[in-house]
Amino acid sequence: MAHTRTDGSAERPAAWSRALIAASALLLVAGVVSGCAGGDTTLDGSAGQGTGEIVVGAGDGAESRILAEIYAGALRSTGAPVTTEGGLGDRTAYLGRLDAGNVTLVPEFTGRLLRYYDPESTETEQDEVFEALSKALPQGLSISDFAAAEDRSALAVTPQASGQLDLTTLDELVPSCSTSTAVLAPAFEADALPDLTGCTFAQIRTVDDAAAVGELAAPAPADGVVRVAGVTTVSPAVAGADLVLLADDEHVFTAQNVVPLFRIGTLTEAQLKALNVVAGELTTADLADMIGQVRGGADSADVARVWLDAHL
């Protein structure tokens with residue numbers, strides 16, 4: 001099933017359903033009605049007739065290239081002709097290619113895409129982020145099911161610090177913030193730290209992913225200062241380290257679930273179902289492992305093919 005904004009006057013879905021296939025029939029009817037009312041003959045994206053060859057675009061990052069290959073493989077499983085086009089640059093560049101119709105689909109992360117289209121949005125919980133994103137989409141674009149795989153920001157401590165200070169959640173960290181040093185990876189959502197009420201770190205530094213994790217592995221300071229790493233969950237450095245990611249029960253950090261963004265009317269119902277199979281199978285651990293392989297020199301298409309063979 002897909003969430004689409006077809007025009008400014010069309011009624012938007014009130015909530016996202018990830019359950020029964022039968023619900024897609026209701027969405028198809030709603031798509032026809034809204035299309036007629038707004039002068040747009042496309043449906044909601046889940047019942048397009050297809051437009052021939054599908055082009056899956058990717059940005060410059062390893063995660064974008066891997067996800068593009070996974071979505072491309074899933075679409076090929078329906079018999080569709082599919083190519084991938086990588087190296088399209090940053091978000092602004094590849095979304096421009098999508099808007100121009102040069103590519104059919106690009107992989108994205110829900111929270112970052114929402115902030116791109118609606119910088120004033122404040123949603124952080126995954127279902128609320130998804131719903132807000134569906135409303136913020138420009139005319140002609142659609143998203144389908146999001147995956148459990150996510151690149152959410154998180155604060156991490158060592159198992160020793162977690163045990164000694166009884167730290168398992170962000171709330172439990174707050175009393176120790178004033179004597180803690182936070183070392184943040186570049187992709188960490190630092191702008192959200194003020195939302196962690198009562199927490200003001202003694203010092204904050206930004207370093208690369210490996211350095212953020214590496215500083216936690218260094219011997220603990222004699223002065224009792226607690227080291228905290230600000231990381232993202234698909235970082236291979238995080239996946240391979242012995243860390244405790246503090247639970248974010250209040251959703252301080254924005255959900256960043258993997259989701260496909262595509263042009264409406266370009267994918268058939270069978271192709272959308274194939275994308276939703278990916279959503280049901282792809283995990284954060286899977287994606288982190290694949291990113292590590294590609295950054296280590298493996299070909300993204302080969303890495304994605306192994307995953308596809310195991311899951312589709």
Side-chain angles (χ1 to χ4, degrees), residues 59-67 90-91 109 111-112 115 124 149-196 198-258 283-297:
D60 294 337
E63 66 279 4
S64 187
R65 300 197 307 272
I66 293 164
L67 291 168
D90 62 11
R91 178 166 287 108
F109 294 93
R112 290 169 196 147
R115 299 293 188 258
T124 58
E150 64 173 349
D151 195 26
R152 184 192 288 265
S153 291
L155 291 176
V157 297
T158 64
Q160 292 77 15
S162 174
Q164 290 170 4
L165 299 174
D166 196 22
L167 300 178
T168 58
T169 70
L170 292 182
D171 285 346
E172 291 167 349
L173 175 66
V174 168
S176 301
C177 286
S178 61
T179 57
S180 299
T181 295
V183 184
L184 311 181
F188 177 80
E189 191 182 0
D191 290 348
L193 284 177
D195 296 328
L196 184 54
C199 178
T200 302
F201 288 109
Q203 183 182 10
I204 296 178
R205 291 183 288 112
T206 299
V207 297
D208 63 36
D209 283 7
V213 173
E215 291 213 16
L216 292 191
D223 58 7
V225 172
V226 178
R227 291 196 188 103
V228 181
V231 297
T232 59
T233 52
V234 299
S235 168
V238 173
D242 185 17
L243 301 176
V244 175
L245 300 185
L246 301 179
D248 184 7
D249 297 332
E250 301 301 319
H251 308 292
V252 171
F253 301 115
T254 307
Q256 302 290 352
N257 297 85
V258 171
T283 67
T284 300
D286 290 342
L287 184 54
D289 177 67
M290 289 187 281
I291 291 171
Q293 293 181 55
V294 170
R295 288 182 180 173

Taking distance alone, no hydrogens or angles, what donor-acceptor pairs closer than 3.5 Å link side-chain atoms of residues 207-219 to residues at least two apart or in another chain?
| residue | atom | partner | partner atom | Å |
| --- | --- | --- | --- | --- |
| Asp208 | OD1 | Ala210 | N | 3.3 |
| Asp208 | OD1 | Ala211 | N | 2.7 |
| Asp209 | OD2 | Ser235 | OG | 3.2 |
| Glu215 | OE1 | Arg205 | NH2 | 2.7 |
| Glu215 | OE2 | Arg205 | NH1 | 3.0 |
| Glu215 | OE2 | Arg205 | NH2 | 3.2 |

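At least one side-chain heavy atom of Leu167 sits less than 4.5 Å from a side-chain heavy atom of Leu246. Using a 4.5 Å heavy-atom threshold, the side chains of Arg295 and Pro236 count as touching. Within the 4.5 Å cutoff, side-chain heavy atoms of Leu155 are placed close to those of Leu173. A heavy-atom distance below 4.5 Å is found between the side chains of Phe253 and Leu170.
Every pair tested for ring pair (Phe, Tyr, Trp, His ring centres under 6.0 Å) that includes a residue from residues 156-184 fails, sequence neighbours excluded, so the list is empty. Each salt bridge (charged side-chain N to carboxylate O under 4.0 Å, His left out) pair with one or both residues in residues 240-249, not counting sequence neighbours, appears once here: Arg152-Asp248.
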Next on the checklist: Is there a salt bridge (Lys or Arg N to Asp or Glu O under 4.0 Å) between Asp151 and Arg112? Walk through the geometry before answering.
Outcome noted: CA-CA 10 Å; Asp151 195 26; Arg112 290 169 196 147; 2.9 Å; yes
Next on the checklist: For a side-chain contact (heavy atoms from CB on, under 4.5 Å) check, start with the C-alpha distance between Val228 and Val183, then their side-chain angles and the critical distance, and finish with the verdict.
Outcome noted: CA-CA 6 Å; Val228 181; Val183 184; over 6 Å; no
Next on the checklist: Assess the residue pair Val174 and Leu196 against the criterion (side-chain contact (heavy atoms from CB on, under 4.5 Å)); give the C-alpha distance rounded to whole Å, side-chain angles, the decisive distance to 0.1 Å, and a yes or no.
Outcome noted: CA-CA 8 Å; Val174 168; Leu196 184 54; 4.1 Å; yes
Next on the checklist: As a quick check of understanding, evaluate side-chain contact (heavy atoms from CB on, under 4.5 Å) for Cys177 and Thr200, giving each step before the final call.
Outcome noted: CA-CA 6 Å; Cys177 286; Thr200 302; 5.7 Å; no
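Nearest approach of Ala154 to Leu245, heavy atoms of both residues: CB-CD2, 4.4 Å. Across every non-hydrogen atom of Leu243 and Pro159, the tightest pair is CA-CD, 4.5 Å. The minimum heavy-atom distance linking Val294 with Ala62 is given by the pair CG1-CB, 3.9 Å. Nearest heavy-atom pair, Ala187 versus Ser153, reported as atom, atom and distance to 0.1 Å: O-OG, 4.0 Å.
When the ring pair (Phe, Tyr, Trp, His ring centres under 6.0 Å) test is applied to Phe109, no partner is found at least two apart in sequence or on another chain. Taking the side-chain contact (heavy atoms from CB on, under 4.5 Å) definition, one finds that Asp171 meets it with Thr169, Glu250, sequence neighbours left out. Under the side-chain contact (heavy atoms from CB on, under 4.5 Å) criterion, Ile204 pairs with Ala182, Leu184, Leu193, Phe201, not counting sequence neighbours.
In the model, Thr254 has a side-chain atom that pairs as donor or acceptor with a side-chain atom of Glu189 under 3.5 Å.
Distance check: Ser180 OG to Leu165 CG gives 8.0 Å after rounding to the nearest 0.5 Å.
In terms of modelled atom types and a separation under 3.5 Å, the side chain of Ser64 and the main chain of Asp60 share no donor-acceptor contact. One N or O on the side chain of Thr124 and one on the backbone of His251 form a donor-acceptor pair closer than 3.5 Å. Formation of a donor-acceptor pair under 3.5 Å by the Gln256 side chain with backbone atoms of Glu150 is not found in this model.
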